[in-house]
Every structure is written in structure tokens, then in C-alpha cells.
Asks: 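A single structure is presented below for examination.
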Amino acid sequence: MTLKLISCNVFQREVCLCLARTPHIVDVEFTELGEHVNSTGLRQLIQSKIDAAENAGKSYEAILILFGLCGNSTSGLLARRTPLVMPRAHDCCTILLGSKQRFEENFKDAPSTPFSSVGYMERGEYFLRTDDGVPKVESGDAYAQLVEQFGEEDAKYVWETMHPPALDHGTGRAVFIDIPETTPRELVETFKQKATEAGKECVHMQGSLRLIQNLIDGRWDAADFLTIPPAHKTTGVYDWNEIVRATPQ
């Protein structure tokens, strides 16, 4: 197969390894991790790359979207002539763990637990990924001004980027998702040091290349991946199982 892959660069090491293993021809583009601060902007960016791939004069059998819902960033993506395929994942935590079942097992009771990976350590402005929670009301006018400027949805992400140390979300844990094939050992030690300095309990969790490799290899089991046919768009479901579905344009 000839495929197009659009991915956040938080997965860059993992994607490169999986590309080397696949029998398929895969053209890849990465977006910057920082694009997540504006979900509307990221959605537009991904859609522009989808449209550019379709208009490039090259025939792709599918366009692969290596993102989760990411706070609505991928809800509303349109497949025009070429099917889209994306993981059933709320965010990159599921993708790094290798399954939505492992995400539910480890995070269902505390979905706001901050986490990290080699990609966050290398590409992010801060060493922990926090959830999409709204800042406390005592944040006052500053947050209200962001809502007025960007809208409620995007204001959450802007605030999170501006104030990462304040977003503890009721947990003292900091999880490092370790994919052994792609994680330099020194980065694990750096994470432990930073977590300790931040007063957090460091939790080391085994990650997996399963979802990334299956996406690139064309093993698109409907339980793990959503295929969006032409003239359909993505719509967030926000449960623990389906997560995202395809609806007519």
C-alpha cells in the first residue's frame, strides 16, 4: 500500500522505527507538539495537510492520522476523496500505552494524572502532559480574558501551556510511559529527577508500539481504529470504547 501519515512529533522516534519495519510505502509529515495549545488551529492544520495530500497528484490508499481526540482537535476532520484512519484514543496516552484498555485500566480512576514520554521530554516546553481541565475560578479575569479571546475550548489549552506547574489536578503522581525500543535511559533518569524536584511520586509505566505499528502496517481492526470513508467527518464520542465515530458530511 501507499499511505500518507500525519503525526504529532511527540511520536517521532516511535514512528521512525515503525516506518523502518513496515512493508508499505508511507509518506510522513509531523506537526509540532506545541500546536496542541490551540485545538481549532491544530484541526485546521491537520485538515490542510489532508487536503494537500489529496491534491498532490499522488494516489494514497488511506491517510493516517496519528493523534487522539486531543481536546476536540481531531473532531470535525473531513475525508473528501481518500479514507482517513485514526486510533480510537482520547489523547496520546492511549497511543503510547498501546491500547485503550490499558489506558482505562491505568487511568480510569484518575484520568487527570500527569504523564510524560520521550517525546514530551524532547519536544515539549514542560516535562509533563496535563489534562484539559479548566483552571480554578480564583484565576479570575486572566482566564476570562482568554475565553473571550479564544473561546472556552481553546482557552483551556492556552492556560495549560502558560501555567503548567499549577496544574496538579489532585494527584501527586507523575507517570513516565516508557517504550524501551525508543527511550534513551538517560531521559528516564532526567524525568525522575524533575518529578522529584516537583514533589511528585514518579511512576514508571511500560509503553507499547502496538497501535503505532498497526496503524502504519494497515492492520486497522475496528476495535482499535476508526476508518472514515470519503464524504464523512470525525465526531467525538468521549466514552471509554468507541471514542470517535464517522458521520456523513
Asks: Looking at L226, is its backbone amide N or carbonyl O close enough to the side chain of W220 to form a donor-acceptor pair, meaning the two atoms are under 3.5 Å apart?
Replies: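 Between the backbone of L226 and the side chain of W220 there is no qualifying donor-acceptor contact (under 3.5 Å).
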Asks: Check salt bridge (charged side-chain N to carboxylate O under 4.0 Å, His left out) between E197 and all other residues, then give those that pass, not counting sequence neighbours.
Replies: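 E197 satisfies salt bridge (charged side-chain N to carboxylate O under 4.0 Å, His left out) with no residue once adjacent residues are dropped.
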Asks: Report the residues that fulfil side chain to side chain donor-acceptor pair (under 3.5 Å) with R185, sequence neighbours left out, ordered by chain and then residue number.
Replies: D178
Asks: Looking only at non-hydrogen atoms, find the nearest pair between A246 and P229 and report the distance.
Replies: CB-CD, 4.1 Å
Asks: Taking side-chain contact (heavy atoms from CB on, under 4.5 Å) as the test, write out the residues that go with D217, two or more places apart.
Replies: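 So D217 forms a side-chain contact (heavy atoms from CB on, under 4.5 Å) with T22, P23, Q213, R219.
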Asks: Looking at CG of D27 and CD1 of I6, how far apart are the two atoms once the value is rounded to the nearest 0.5 Å?
Replies: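 It is 11.0 Å, given to the nearest 0.5 Å.
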Asks: Between CG of L97 and CD1 of I179, what distance do you get to the nearest 0.5 Å?
Replies: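 So the CG of L97 and the CD1 of I179 are separated by 8.5 Å.
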Asks: Looking at every non-hydrogen atom in both residues, tell me the closest pair between I212 and C18 and how far apart they are.
Replies: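 So the two residues come closest at CG2-SG, 3.8 Å.
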Asks: Whether the side chain of S75 engages the backbone of G236 through a donor-acceptor N/O pair (distance < 3.5 Å, no angle test) should be reported.
Replies: yes
Asks: Does L77 reach the side chain of I228, with side-chain heavy atoms less than 4.5 Å apart?
Replies: no
Asks: Measure across K192 and C202 and return the closest heavy-atom pair with its distance rounded to 0.1 Å.
Replies: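 Scanning both residues, the minimum pair turns out to be CG-SG, 3.6 Å.
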Asks: Scan for ring-ring contact (aromatic ring centres under 6.0 Å, His included) pairs involving residues 78-99, sequence neighbours excluded, and state none if there are none.
Replies: none
Asks: For the atom pair CG (L19) and CG (L5), what is the distance rounded to the nearest 0.5 Å?
Replies: 6.5 Å
Asks: Kindly give the heavy-atom pair with the smallest separation between P87 and V244, and that separation in Å.
Replies: O-CG1, 4.3 Å
Asks: Counting C-beta onward and ignoring hydrogens, is there a side-chain heavy-atom pair between F107 and C93 closer than 4.5 Å?
Replies: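 With C-beta onward as the side chain, the pair touches.
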Asks: Step by step, would you call V188 with T183 a side-chain contact (heavy atoms from CB on, under 4.5 Å)?
Replies: CA-CA 8 Å; V188 179; T183 303; 3.7 Å; yes
Asks: Find the distance between CG (L17) and CZ (F11) and round it off to the nearest 0.5 Å.
Replies: 14.5 Å
Asks: May I ask you to decide if G68's main-chain N or O and T74's side chain share a donor-acceptor pair within less than 3.5 Å?
Replies: yes
Asks: Does any non-hydrogen side-chain atom of F176 lie less than 4.5 Å from one of V203?
Replies: no
Asks: Taking the side chain as every heavy atom from C-beta outward, state whether V10 and R123 have any atom pair closer than 4.5 Å.
Replies: no
Asks: Flag the pair L69 / I243 as yes when at least one side-chain heavy-atom distance between them is below 4.5 Å, and no otherwise.
Replies: yes
Asks: Can you see which heavy atom on F30 is nearest to which on C8, and at what distance?
Replies: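 It is CD2-O, 3.8 Å.
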Asks: Who passes side-chain contact (heavy atoms from CB on, under 4.5 Å) against Q249, sequence neighbours left out?
Replies: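 With sequence neighbours excluded, Q249 shows a side-chain contact (heavy atoms from CB on, under 4.5 Å) to L78, A231, given in chain and number order.
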Asks: Residues in side chain to side chain donor-acceptor pair (under 3.5 Å) with N241, at least two apart?
Replies: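 Residues passing side chain to side chain donor-acceptor pair (under 3.5 Å) with N241: K100.
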Asks: From L64 CG over to M86 CE, what is the distance, rounded to the nearest 0.5 angstrom?
Replies: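 Separation between the atoms: 11.5 Å.
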Asks: Which is it for L215 and V85 under the side-chain contact (heavy atoms from CB on, under 4.5 Å) test, yes or no, and what are the steps along the way?
Replies: CA-CA 8 Å; L215 178 66; V85 184; 3.8 Å; yes
Asks: Looking at E54, M1, K4, which one forms a side-chain contact (heavy atoms from CB on, under 4.5 Å) with Y60?
Replies: K4
Asks: Report yes if the side chains of W240 and F103 come closer than 4.5 Å at any heavy-atom pair, otherwise no.
Replies: yes
Asks: Among residues two or more places apart or on two chains, list those pairs meeting salt bridge (charged side-chain N to carboxylate O under 4.0 Å, His left out) that have a residue in residues 8-23.
Replies: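 Sorted pair list: R13-E122.
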Asks: For E61, what residues pass the side chain to side chain donor-acceptor pair (under 3.5 Å) criterion, not counting sequence neighbours?
Replies: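 Checked E61 against side chain to side chain donor-acceptor pair (under 3.5 Å); zero matches.
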Asks: Keeping to residues at least two apart or across chains, list the salt bridge (charged side-chain N to carboxylate O under 4.0 Å, His left out) pairs with something in residues 232-249.
Replies: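 Every salt bridge (charged side-chain N to carboxylate O under 4.0 Å, His left out) pair that includes a residue of residues 232-249, provided the two are not neighbours, is E242-R245.
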Asks: Taking side-chain contact (heavy atoms from CB on, under 4.5 Å) as the test, write out the residues that go with P230, two or more places apart.
Replies: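 With sequence neighbours excluded, P230 shows a side-chain contact (heavy atoms from CB on, under 4.5 Å) to P83, given in chain and number order.
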Asks: Can you tell me how far apart OG (S73) and CD (Q44) are? Round to the nearest 0.5 Å.
Replies: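 The OG atom of S73 sits 10.5 Å away from the CD atom of Q44.
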Asks: Got a sec, which residues hit side-chain contact (heavy atoms from CB on, under 4.5 Å) with N106, two or more places apart in sequence or on another chain?
Replies: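 N106: side-chain contact (heavy atoms from CB on, under 4.5 Å) contacts with R102, M205.
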Asks: Kindly write out the residues that satisfy side chain to side chain donor-acceptor pair (under 3.5 Å) with T196, not counting sequence neighbours, or none if the list is empty.
Replies: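 Applying side chain to side chain donor-acceptor pair (under 3.5 Å) to T196 gives none.
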Asks: Do F67 and I95 have side-chain heavy atoms sitting under 4.5 Å apart?
Replies: no
Asks: I need the minimum non-hydrogen distance between L66 and V15, along with the two atoms involved.
Replies: CD2-CG2, 3.5 Å
Asks: May I ask whether V28 and L33 are part of the same hydrophobic cluster, defined by side-chain heavy atoms of I, L, V, M, F, W, Y residues being less than 4.5 angstrom apart, directly or through others?
Replies: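 Yes, same cluster.
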Asks: Do F191 and Y120 make a side-chain contact, defined as non-hydrogen atoms from C-beta onward lying under 4.5 Å apart?
Replies: no
Asks: Inspect the surroundings of NZ in K49 and state if more than 12 heavy atoms from other residues, nucleotides or ligands are less than 6.0 Å away.
Replies: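 More than 12 within 6.0 Å, yes.
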Asks: For T182 and Q12, run side-chain contact (heavy atoms from CB on, under 4.5 Å): C-alpha distance rounded to whole Å, both residues' side-chain angles, the deciding distance at 0.1 Å, then the answer.
Replies: CA-CA 10 Å; T182 58; Q12 189 156 339; over 6 Å; no
